[in-house]
*Asks:* 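Before I ask anything, let me first share the structure, which is written out below as structure tokens.
On a predicted model such as this, the values are computed, not experimentally measured, just so you know. The chains referred to below are lettered A, B, ... by the order of the sequence lines, with proteins before strands, and numbering in each begins at 1.
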There are 2 protein chains.
Amino acid sequence: MEAKEILKQHIAKTATLTDEQFDYFFSHFKPQSYKKGQVIITEGQKVDHEYFVVSGCLKAFFINDEVKMYILQFAMPTWWTSDYGALYNQTRATINVDCISDSEVLCLSNQDREKICSELHQAEHFFRWRTNKGYLASQKRLLSFMNNDTRARYEELLALYPQLYNLVPKHLIAAYLGVSRETLSRLYNSHK
Amino acid sequence: MEAKEILKQHIAKTATLTDEQFDYFFSHFKPQSYKKGQVIITEGQKVDHEYFVVSGCLKAFFINDEVKMYILQFAMPTWWTSDYGALYNQTRATINVDCISDSEVLCLSNQDREKICSELHQAEHFFRWRTNKGYLASQKRLLSFMNNDTRARYEELLALYPQLYNLVPKHLIAAYLGVSRETLSRLYNSHK
DNA sequence: CTGCGATTGTGATCTACATCACGTAACAGC
DNA sequence: GCTGTTACGTGATGTAGATCACAATCGCAG
């Protein structure tokens, strides 16, 4: 299935657009291919776009002063990602986005999103729901962080994304869980 | 300043409504007063409304199996709160909301929100931005959780809400930071 | 004023996880 | 096919914060 159709079905779940409206909506997106390891957003740079993942897998991550990495999100197909703080507030990026595997994405500029949101009520509706879903996921993860220990969070993650275990190196999973790679290693080797 | 005016100025920051449109928008809200300690949302119950805080202070919190409390949000004036997961998905509440001090709120039902969002494009626009702000705040807190130690998070919290230190009991601040009240106590008594 | 629950401080132990250190295996580029 | 880089396992040790235990104080209801 091609990118346009994937996006169309994704949108259709929450918003009602005629074919013409969707074509117009879609005309604001720019398809793009990236290779494994390629960087899409770099800390300190301007951020102009958000990205809808068609295939592959991206990661959005933060690097702290001690050069430790924390992964905010693994962006799988039909997920959206960007440095939304920088994008919405027109400030420099504080987080990075790059490719875990070869990926195809659809890019949408901040300006175009606001334009289609004001032109198409249903587009605004879609983006409200998408953001809402992200908000709920973030809340849930925060709670999990406070409430569960590392092992429980590890099992939660694998239940949510079974593919991830084989797709991404373990130290990235550790960086998502917020533990050291050593602890993660001990954790799943003592599995029961 | 009365409730209506506070909401009006709050909305005006992100959406453009005529006076008539705002009057219509406002007509869906129901003012409500609560006493300190009163419960607004209880785990396991249905959730029909979200709440805009006019005065006072609410807290949204989760209780785990070991009866430990984790505070998701202190809701101060002009903040919104609810169990959004339960509200949007029409499921039973998993979190609780109650009053830290006497409070006045404006209630909006899930149904009415969706109604005015579909009737007024600008209302949809407002709620998209509000949710977006919440999403960004949640992301930021998640990062802070992974990156900073307790002391740094404590100082971050006090910088963000200086009033909180005197307004709420310390064990609630501990429950927000995700540490034991003992640790928090030692922390600020060894303050430098 | 009085008494009792809620709030807070502080010491003693225990534990999950970080950090450091080192070794092996897999893999990519030349 | 080599060779360096990245991924991964595992031991030893250190530490932040949990947990338990108890004492002191505050604040409100009667």
*Asks:* Would you jot down, in residue-number order, the residues of residues 164-174 of chain B having a non-hydrogen atom under 4.0 Å from DNA chain C?
*Replies:* B:Pro169, B:Lys170, B:His171
*Asks:* Any side-chain donor paired with an acceptor under 3.5 Å for B:Tyr24 and B:Glu20?
*Replies:* no
*Asks:* Taking the basic N atoms (NZ, or NE/NH1/NH2) and the acidic carboxylate oxygens, is any pair closer than 4.0 Å for A:Glu155 and A:Arg151?
*Replies:* yes
*Asks:* Would B:Ile116 end up clustered with A:Trp129 when hydrophobic side chains under 4.5 Å apart are linked, directly or stepwise?
*Replies:* yes
*Asks:* How long is the line joining CG of B:Leu177 and P of D:dA16, in whole Å?
*Replies:* 17 Å
*Asks:* Where does the angle between the aromatic ring planes of A:Phe126 and A:Phe25 fall among parallel (under 30°), tilted (30 to 60°) and perpendicular (over 60°)?
*Replies:* perpendicular
*Asks:* Is it true that the side chains of A:Ser144 and A:Glu156 contain a donor and an acceptor less than 3.5 Å apart?
*Replies:* yes
*Asks:* For residues 163-173 of chain A, please give each side-chain donor-acceptor pair under 3.5 Å, one per line with the distance, not counting sequence neighbours.
*Replies:*
from, atom 1, to, atom 2, distance (Å)
A:Lys170, NZ, A:Tyr165, O, 3.3

*Asks:* Indicate whether the side chain of A:Ser33 and that of A:Glu104 have a donor and an acceptor atom separated by less than 3.5 Å.
*Replies:* no
*Asks:* What nucleic acid atoms does A:Gly37 come within less than 4.0 Å of, heavy atoms only: base, sugar-phosphate, or nothing?
*Replies:* nothing
*Asks:* B:Tyr154 OH to D:dG17 P: how many Å, rounded?
*Replies:* 14 Å
*Asks:* Could you check A:Phe22 against A:Leu7 for side-chain contact (heavy atoms from CB on, under 4.5 Å), going step by step and ending with a plain yes or no?
*Replies:* CA-CA 10 Å; A:Phe22 178 75; A:Leu7 180 62; 4.2 Å; yes
*Asks:* First and last nucleotide of DNA chain C in contact with chain A, 5' to 3', at under 4.0 Å to a heavy atom: what are they?
*Replies:* C:dC17 to C:dA21
*Asks:* For the pair B:Trp80 and B:His10, name the ring-plane relationship: parallel under 30°, tilted 30 to 60°, perpendicular over 60°.
*Replies:* tilted
*Asks:* I need a per-nucleotide contact map over nucleotides 19-30 of chain D, read 5' to 3'. Cutoff is protein heavy atoms under 4.0 Å; write B for the base, S for backbone only, - otherwise.
*Replies:* BBB---------
*Asks:* Just report the end-to-end axis angle for the helix from C:dC1-D:dG30 to C:dC30-D:dG1, five pairs per end, to 10 degrees.
*Replies:* 50°
*Asks:* Can you measure from CD (A:Glu114) to CG (A:Asn110) and round to the nearest 0.5 angstrom?
*Replies:* 6.0 Å
*Asks:* By nearest nucleotide on DNA chain C, pick out whichever of A:Leu184 and B:Leu184 is the more 5' one.
*Replies:* B:Leu184
*Asks:* Is it true that A:Asp83 and A:Arg92 make a salt bridge, defined as a side-chain N closer than 4.0 Å to a carboxylate O?
*Replies:* no
*Asks:* Compile the donor-acceptor pairs under 3.5 Å between side chains in residues 36-45 of chain B and protein atoms, sequence neighbours left out, one pair per line.
*Replies:*
from, atom 1, to, atom 2, distance (Å)
B:Gln38, OE1, B:Lys35, N, 2.7

*Asks:* Tell me whether A:Arg141 forms a cation-pi arrangement with A:Tyr176, defined as NZ or CZ under 6.0 Å from the six-membered ring centre and within 45 degrees of its axis.
*Replies:* yes
